[in-house]
Amino acid sequence: MSDMPAALEAANLHVRAGDHPAVRGVSAAFAAGQFTAVIGPNGAGKSTLLRALLGLTAIHAGEVRVDGRPLTTLTRAERARDLAFLAQGEPLPDSARVRDVVALGRGAGAWRWGLIPTRPWTQEDEDAVKTALERTDTRQFAGRRVSELSGGERQRVGLARALVAGPRYLLLDEPTNHLDLAYALELVRHLRCEVAGGLGVVAVLHDLNLAARADRIVLLHRGQVLAAGAPDTVLTPAHLHAAYGVRTRVVHDADRLLVIPED
Ligand SMILES: Nc1ncnc2c1ncn2[C@@H]1O[C@H](COP(=O)(O)OP(=O)(O)OP(=O)(O)O)[C@@H](O)[C@H]1O
């Protein structure tokens, strides 16, 4: 176990979306305990890559590995435990109460609701729900219905549901879309706390100044990795021009990096 890389890895991955070669030979490691932003222009293959990392789409060639193990050798239960996904504007059942929505993320929740006879609800499940509510600042409205929440609060409930099973890696597709600046920063702050606890976060982001706060960035262009590494090595005017066709100025302000479009 010790020499296994603690990472979710894409190894020379090729994925088709319909007939289109959306991901073409991508190799990248998304480490546990790190926040990796995946950026790139519309159609670059970001969502397709995320789906492949989650095992949600057929892989044409190459491999996905979870801590050194091929994803295809993990059982469904292992996949569900190790990998969590939060989509943009995550659809949550409007009439359900927040606590119950989060409980569904335990799997056992389905039993609790009488939907699937999987396993009984345990004290461990109860504790995990409590912890997830606390860590995402959603405990104060645990008894409210989803329909009574703002967009930012809903997103935090989605995050709680994604975290409640204790995943190793959390993958997010444009999680800050529809969020105002304060909520977007708050979400990144919550994710940072989880990363400090060892979670590997892989987030598709369009906002380059939010991406600049990640530990690493993978820049995709036409289904390939154009650059990968620390934000200051990826967010360069040359890379951004090659990917987006836009001239930018990159400013280092104290310990922050700011991308300013010049076109
Ligand atoms: N079902 C499909 N059939 C054909 N082509 C598809 C299909 N799904 C996606 N594509 C194409 O694959 C490419 C990659 O799509 P993908 O959604 O992964 O890009 P993306 O980087 O996430 O884009 P965006 O930033 O716009 O969400 C795009 O050119 C897209 O048009």
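In what follows, residues are counted from 1 in the order of the sequence shown. Note that ligands are numbered from 1 as they come in the structure, with each ligand's atoms numbered from 1 the same way.
Other residues sharing the hydrophobic cluster of V251, ordered by chain and number and joined by side-chain separations under 4.5 Å: L258, I260. Under the 4.5 angstrom side-chain criterion for Ile, Leu, Val, Met, Phe, Trp and Tyr, the cluster partners of V250 are I39, L208, I217, L219, L226, V234, L235, L240, Y244, V246, L257, V259.
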Donor-acceptor pairs under 3.5 Å, side chain of residues 188-206 to any protein atom, not counting sequence neighbours: which ones?
| from | atom 1 | to | atom 2 | distance (Å) |
| --- | --- | --- | --- | --- |
| H190 | ND1 | R135 | O | 3.2 |
| R192 | NH2 | R213 | O | 2.8 |
| R192 | NH2 | D215 | OD1 | 3.2 |
| E194 | OE1 | R135 | NH2 | 2.6 |
| E194 | OE2 | R135 | NE | 3.0 |
| H206 | NE2 | E174 | OE2 | 3.2 |

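Two residues are said to be in side-chain contact when any heavy atoms from C-beta on lie closer than 4.5 Å; E126 and Q123 meet this criterion.
Within 4.0 Å of ligand 1, the residues that place a heavy atom are A17, G18, H20, A22, P41, N42, G43, A44, G45, K46, S47, T48, E174, H206, listed by chain and number.
Summarising the geometry, atom OH belonging to Y169 is positioned 10.5 Å from atom CD belonging to Q34; distances are rounded to the nearest 0.5 Å.
The number of heavy atoms from other shown groups lying within 6.0 Å of CD (E124) does not exceed 12.
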